[in-house]
Amino acid sequence: MTATRIHLALAALMGLAGVALLAAATHVASTAHVQTAGQILLFHASAVIGATAARKGGHLHDGIARIALSAVVFGAVLFAADLSRRGFADAALFPRAAPTGGWFMLGGWLGLAIAAVSAKRG
C-alpha cells in the first residue's frame, strides 16, 4: 500500500471517528473534551486529505510531506484519544498524552510549511 493510500485511509477513519465523537458528545457528561476530540479529528482529516493531494500534485516536497502528514495523523489521533478517554472515563490515556499529540500536530504543520517552500513545483 502506498503512502498516499495510507494517509487517505487514515484521514477517512479520522473523519469517521470525528463525526462519531461529535455525536457522542451530546450524550456524555464531559461534553467539552469529547467535542474537542471530534473537532480535532475532523479538522485534521480534511487537512491530511488536502495536503496529500498537494503532495501528489507536486506542490509539496514528497519526503518531507510524508513525514509531516504522518506526524499530523499521529498527533491528532493521540490528542483526540486522550481527550476522549478523559471525557468518557475521567482518566488520561497516559501522562502527557494530549500535549505530546499536540507537539506532533505542531511539528507536522511546520513540516508541511517546509515541504511547501521546498517543493520543486510551484
Side-chain angles (χ1 to χ4, degrees):
M1 186 174 283
T2 66
T4 299
R5 288 184 182 182
I6 291 169
H7 286 137
L8 291 175
L10 290 173
L13 292 173
M14 288 166 62
L16 171 79
V19 170
L21 285 169
L22 287 170
T26 64
H27 303 286
V28 297
S30 184
T31 301
H33 287 313
V34 178
Q35 186 173 9
T36 300
Q39 291 170 340
I40 286 290
L41 288 173
L42 277 174
F43 296 151
H44 286 83
S46 300
V48 168
I49 291 169
T52 298
R55 182 185 66 78
K56 286 300 287 180
H59 301 288
L60 296 174
H61 183 280
D62 189 60
I64 297 170
R66 286 178 190 218
I67 294 167
L69 283 164
S70 296
V72 168
V73 169
F74 178 75
V77 169
L78 181 58
F79 188 89
D82 187 62
L83 289 183
S84 296
R85 179 146 166 89
R86 288 173 189 272
F88 289 118
D90 199 29
L93 192 60
F94 58 84
R96 310 284 304 152
T100 301
W103 280 109
F104 270 93
M105 285 185 285
L106 291 169
W109 280 105
L110 178 60
L112 287 173
I114 293 168
V117 299
S118 301
K120 292 182 174 127
R121 189 173 186 190

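- Nearest heavy-atom pair across W109 and A47 is CH2-CB, 3.5 Å.
- L69 places none of its side-chain heavy atoms less than 4.5 Å from the side chain of F74.
- A distance of 5.5 Å separates CZ of F94 from OG1 of T100, quoted to the nearest 0.5 Å.
- Closest non-hydrogen pair, A65 versus A115, comes out as N-CB, 3.8 Å.
- Here the CG-CD1 distance, from D82 to I40, works out to 12.0 Å after rounding to the nearest 0.5 Å.
- Side-chain contact between V77 and M14: present, with at least one pair of heavy atoms (C-beta onward) separated by less than 4.5 Å.
- Between the side chains of H7 and S70, at least one donor N or O lies within less than 3.5 Å of an accepting N or O.
- Remark: I64 CD1 to I114 CD1 distance equals 6.5 Å, nearest 0.5 Å.
- The two residues G58 and A119 make their nearest non-hydrogen contact at O-CB, 3.8 Å.
- Residues L10 and V48 have side chains not in contact (no heavy-atom distance under 4.5 Å, counting atoms from C-beta outward).
- With values rounded to the nearest 0.5 angstrom, F88 atom CZ is found 11.0 Å from L83 atom CG.
- Shown here for G108 and A68, the closest heavy-atom pair between the two residues is O-CB, 3.4 Å.
- Remark: the backbone N or O of A92 is paired with a side-chain donor or acceptor of R85 at under 3.5 angstrom.
- How far CG of D62 is from CZ of R55: 4.5 Å, rounded to the nearest 0.5 Å.
- Of all the heavy atoms in A37 and S84, the pair that sits closest is CB-OG, 3.5 Å.
- Side-chain contact between I49 and L8 is present, with at least one heavy-atom pair separated by less than 4.5 Å.
- No donor-acceptor pair under 3.5 Å is formed between the side chain of S118 and the backbone N or O of H61.
- Between A98 and F79, the closest heavy-atom pair is O-CD1, 3.1 Å.
- Residue L41 is grouped with residue I6 when hydrophobic side chains (ILVMFWY) are merged at heavy-atom distances under 4.5 angstrom, including chains of intermediate members.
- Note: R66 CZ to T4 OG1 = 6.0 Å, rounded to the nearest 0.5 Å.
- Criterion: ILVMFWY side-chain heavy atoms under 4.5 Å apart, direct or through other members. Under it, V19 and L22 are part of a common hydrophobic cluster.
- For the pair H44/V73, no side-chain contact is recorded, criterion being any heavy-atom separation below 4.5 Å from C-beta on.
- L78 and V72 are members of different hydrophobic clusters when ILVMFWY side chains are connected at heavy-atom separations under 4.5 Å.
- Checking side-chain atoms of T36 against main-chain N and O of H33 turns up no donor-acceptor pair under 3.5 Å.
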